[in-house]
Amino acid sequence: MHNSKTKPYTKALKEIMNRKSHILSKAQALSNIGTSETAQSLWLSAATYEEHIAPMLDVLDRELEGSMHRVSAASCYEKAGELSRAVNLYRAALSGPLRDDTRQEVENMLSACLAALNRHSTRMPPRWG
């Protein structure tokens, strides 16, 4: 889906995306070998990168890609146990452009995350203030 007004990636965006990919790979590898506690900080870092990448893509008229990076950020936050942040980003992604099949997948991811958040919130009181 190439849009005639789509602009190329900037050098800075490419560098950020490369750093994020490296962190995401490390998080996945650590999760795969069962060290999810160690991976948690990497999932959070990858999510933060994804959150920064998404609007940078929007500026380049790459809104569909931006939406996918919001989904990725949500997934990373979910893996790190930050369910509220994940829900917010799934909803943000659903408010943007997505392919129909992807939209259904993201709606399913959001539903699963909301169910997990509901289970979690009935067990533990919030730690605010």
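Here, residue 1 is the first one in the sequence, and each next residue gets the next number. Please read these numbers as outputs of a predicted model, since none were measured by experiment.
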Exercise for review: Kindly give the heavy-atom pair with the smallest separation between His52 and Met56, and that separation in Å.
Suggested key: O-CG, 3.2 Å

Do any side-chain atoms of residues 42-49 form donor-acceptor pairs under 3.5 angstrom with protein atoms, and if so which ones, sequence neighbours left out?
residue : atom : partner : partner atom : Å
Trp43   : NE1  : Ser31   : OG           : 3.1
Thr48   : OG1  : Leu44   : O            : 3.0

Check your understanding: Looking at Ser84 and Leu117, what are the two nearest heavy atoms and their distance?
Key -> OG-CD1, 3.8 Å

Check your understanding: In terms of hydrophobic clusters joined by side-chain contacts under 4.5 Å, are Met68 and Leu60 together?
Key -> no

Check your understanding: Applying the side-chain contact (heavy atoms from CB on, under 4.5 Å) test to Gln104, which of Asp100, Asp101, Asn108 qualifies?
Key -> Asn108

Exercise for review: For the pair Thr35 (side chain) and Thr38 (backbone), establish whether a donor and an acceptor sit closer than 3.5 Å, ignoring hydrogens and angles.
Suggested key: no

Revision key, fill the gap. Tightest non-hydrogen contact, residues Asp58 and Gly66, listed as OD1-CA, 3.9 Å

Check your understanding: Taking all atoms of both residues into account, what is the closest heavy-atom pair of Cys113 and Leu83, and its distance?
Key -> SG-O, 3.7 Å

Practice item. Provide the closest heavy-atom pair for Leu24 versus Ser72 in the form atom of the first, atom of the second, distance. Key: CD2-OG, 4.5 Å

Review point. Looking at OG of Ser25 and CD of Gln28, how far apart are the two atoms once the value is rounded to the nearest 0.5 Å?
Key: 8.5 Å

Exercise for review: Could you tell me whether Glu50 and Arg70 have a side-chain N and a carboxylate O separated by less than 4.0 Å?
Suggested key: no

Exercise for review: Answer yes if Leu94 and Ile53 sit in the same cluster of Ile, Leu, Val, Met, Phe, Trp and Tyr residues linked by side chain heavy atoms under 4.5 Å apart, and no otherwise.
Suggested key: no

**Study point:** Nearest-0.5 Å distance that lies between atom CE in Met17 and atom CG in Leu13
**Key:** 5.5 Å

Exercise for review: Would you tell me whether Glu51 and Tyr77 have side-chain atoms, one donor and one acceptor, within less than 3.5 Å of each other?
Suggested key: yes

Review point. Side-chain contact, heavy-atom cut-off 4.5 Å: Arg91 with Leu114?
Key: yes

Revision key, fill the gap. Heavy atoms of Leu30 and Ala39 approach each other most closely as CB-CB, 3.8 Å

Practice item. Quick one: which residue pairs count as a salt bridge (Lys or Arg N to Asp or Glu O under 4.0 Å) with a foot in residues 24-45, not counting sequence neighbours? Key: none

Review point. Do side-chain atoms of Ser67 reach the backbone of Leu98 as a donor and acceptor pair under 3.5 angstrom?
Key: no

Exercise for review: Determine, stepwise, if the pair Val87 / Leu110 fulfils side chain to side chain contact (heavy atoms under 4.5 Å, CB included).
Suggested key: CA-CA 6 Å; Val87 165; Leu110 172 60; 3.9 Å; yes

Check your understanding: Does NZ or CZ of Arg62 lie under 6.0 Å from the centre of the six-membered ring of Tyr9, at an angle within 45° of the ring axis?
Key -> yes

Exercise for review: Check the pair Lys20, Glu15 against side chain to side chain contact (heavy atoms under 4.5 Å, CB included), reporting the backbone distance first and the verdict last.
Suggested key: CA-CA 9 Å; Lys20 180 268 309 180; Glu15 289 173 10; over 6 Å; no

Exercise for review: Check the hydrophobic clustering (I, L, V, M, F, W, Y; side-chain heavy atoms under 4.5 Å; chains of links allowed) and say if Leu57 and Val106 are grouped together.
Suggested key: no

Check your understanding: Got a donor-acceptor contact below 3.5 angstrom from the Ser111 side chain to the Glu107 backbone?
Key -> yes

